[in-house]
Amino acid sequence: MSRPALKLRSWPLMVLYYLLPFSALRPLSRVGWRPVSRVALYKSVPTRLLSRAWGRLNQVELPHWLRGPVYSLYIWTFGVNMKEAAVEDLHHYRNLSEFFRRKLKPQARPVCGLHSVISPSDGKILNFGQVKNCEVEQVKGVTYSLESFLGPRTSAGDLPFSPDTSCSSFKNQLVTREGNELYHCVIYLAPGDYHCFHSPTDWTVSHRRHFPGSLMSVNPGMARWIKELFCHNERVVLTGDWKHGFFSLTAVGATNVGSIRIYFDRDLHTNSPEYSKGSYNDFSFVTHANKEGIPMRKGEHLGEFNLGSTIVLIFEAPKDFDFKLKAGQKIRFGEALGSL
């Protein structure tokens, strides 16, 4: 019997193993059956296919009479504050996708003008601080590789990276100015949060790199469970420059969040069957007609998720850059992340 067939037939046993006390299945271990690890079991779930199916379901128009009960259940489950929505009438939203991507009233999220970097989205602060030893913390004590996350270095002239060999050299290539350090901040968007994200500062986007990847859950519990989770998942890395040097914003996909949209990037198509996991594709916004890239103002609309996910900021700044945050705190778009 082939390996895939064996794995398929063993699934019910593995599910029982994690639902029942181990002693109940001890006789199976005596005849040589061993369950795969919980992480391996979870990674084997076809999350891309399931997320694609969920995305199509989200596009199905709901009958007018069903919209109130369905959306009310979601609001009650995830604590959505519809008083902030630009349109509070639930019957206005034809399908789940429109409801997930609802806009806010203009006054609902004032943008802080006193600090140079603001939160690009609503969410929960998972981690922040200086990048050390080319490792970034996704949650406290669980790290991922900076190079794996941003992708292999390339000699392409339109990228902010150039070929080298060592980890420290990769980090040094991102820190372009003497006296600066590299910083990071991870923001988790829960299903009940506002799903759009905005520019966290005044900067210019010069390049986009898209990693197809998996679509595993990125909730804090899962982030503690799977090392380099953000490197496994589909993500869109936007890189460019701000007044202090290198700046990047990465939108990380998750289960049922195969759709990542960047408003100014019409060529981006996420969770598409045409891309294979483990690959990546690059796109430069610097052209002969536009030698600067895409200028973004602080607070300007940048993109959106379906459901919830994660935003990761990695940027260089002077050594006296100060985060105005606490790990685990809730934050809203427009509030201060940090300043000099």
Side-chain angles (χ1 to χ4, degrees), residues 47 50-51 54-55 57-60 62 64-112 118-128 138-140 185-198 200 215-225 229-230 233 251-261 299 301-312 324-337:
T47 52
L50 292 174
S51 297
W54 175 254
L57 179 63
N58 286 348
Q59 299 293 333
V60 175
L62 296 176
H64 196 270
W65 62 269
L66 190 58
R67 296 174 189 177
V70 170
Y71 300 147
S72 295
L73 177 61
Y74 187 91
I75 290 167
W76 177 80
T77 302
F78 296 109
V80 177
N81 183 4
M82 285 301 293
K83 291 182 179 180
E84 297 178 334
V87 180
E88 296 185 40
D89 180 12
L90 299 182
H91 297 95
H92 169 81
Y93 304 99
R94 294 172 297 176
N95 52 48
L96 287 165
S97 180
E98 286 189 3
F99 180 72
F100 294 150
R101 296 180 288 106
R102 64 195 176 275
K103 305 299 182 184
L104 298 181
K105 294 172 182 174
Q107 67 273 21
R109 296 290 186 276
V111 174
C112 176
I118 61 168
S119 176
S121 66
D122 288 11
K124 178 181 180 181
I125 302 295
L126 295 189
N127 220 300
F128 63 93
Q138 56 193 31
V139 293
K140 189 171 179 61
C185 182
V186 183
I187 305 169
Y188 167 67
L189 289 74
D193 287 327
Y194 167 57
H195 296 341
C196 296
F197 50 94
H198 301 246
L215 286 170
M216 293 182 282
S217 171
V218 293
N219 70 59
M222 196 63 68
R224 283 188 288 269
W225 194 29
L229 171 62
F230 296 160
N233 270 16
V252 183
T255 306
N256 298 334
V257 196
S259 174
I260 303 171
R261 182 183 174 195
H301 279 84
L302 182 53
E304 64 188 35
F305 294 110
N306 274 329
L307 209 57
S309 199
T310 299
I311 295 287
V312 179
K324 310 295 183 182
L325 304 171
K326 292 181 180 178
Q329 80 171 71
K330 291 287 292 181
I331 197 165
R332 305 203 303 178
F333 155 61
E335 294 178 348
L337 280 188

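Remember, predicted model here, so these are calculated numbers, not experimental data.
Counting only heavy atoms from C-beta outward, the side chains of F305 and I260 approach each other to under 4.5 Å. Within the 4.5 Å cutoff, no side-chain heavy atoms of N95 are placed close to those of V60. For the pair L325/C185, a side-chain contact is recorded, criterion being any heavy-atom separation below 4.5 Å from C-beta on.
Applying the side-chain contact (heavy atoms from CB on, under 4.5 Å) rule to A86 yields the partners K103; only residues at least two apart in sequence or on another chain are considered. R261 pairs by the side chain to side chain donor-acceptor pair (under 3.5 Å) definition with nothing, not counting sequence neighbours. In terms of the side-chain contact (heavy atoms from CB on, under 4.5 Å) criterion, residue partners of S119 (sequence neighbours excluded) are, by chain and number, I187, I331, L337. Take R67 and apply the salt bridge (charged side-chain N to carboxylate O under 4.0 Å, His left out) test, not counting sequence neighbours, and it matches E61. Annotation: side chain to side chain donor-acceptor pair (under 3.5 Å) contacts of H91 (sequence neighbours excluded): D89. For Y194, the ring-ring contact (aromatic ring centres under 6.0 Å, His included) partners are H198, not counting sequence neighbours. Evaluation of the side chain to side chain donor-acceptor pair (under 3.5 Å) rule for E304 yields R101, Y263 as partners, not counting sequence neighbours.
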message: Is there a salt bridge (charged side-chain N to carboxylate O under 4.0 Å, His left out) between D122 and R109? Walk through the geometry before answering.
response: CA-CA 10 Å; D122 288 11; R109 296 290 186 276; 2.6 Å; yes
- request: Any chance you could lay out the side-chain contact (heavy atoms from CB on, under 4.5 Å) test for S72 and L90, step after step, and finish with the verdict?
  value: CA-CA 8 Å; S72 295; L90 299 182; 3.5 Å; yes
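The residue from R332, K105, R102 that alone fulfils the salt bridge (charged side-chain N to carboxylate O under 4.0 Å, His left out) condition with E84 is R332.
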Identify every side-chain donor-acceptor pair in residues 76-83 under 3.5 Å, counting partners at least two apart or on other chains, and give the distances.
unit_1, atom_1, unit_2, atom_2, d
T77, OG1, L73, O, 2.7
N81, OD1, K83, N, 3.1

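When all heavy atoms of F197 and S121 are compared, the pair lying nearest together is CB-CB, 4.2 Å.
With hydrogens and angles ignored, the 3.5 Å screen pairs no side-chain donor or acceptor of Y74 with any backbone N or O of F100. Without hydrogens or angle criteria, Y71 side chain to Y93 main chain gives a donor-acceptor distance under 3.5 Å. At least one donor-acceptor pair under 3.5 Å links the side chain of N233 to the backbone N or O of G253.
Between the CD1 atom of I118 and the CD atom of E335 there is a distance of 10.0 Å, given to the nearest 0.5 Å.
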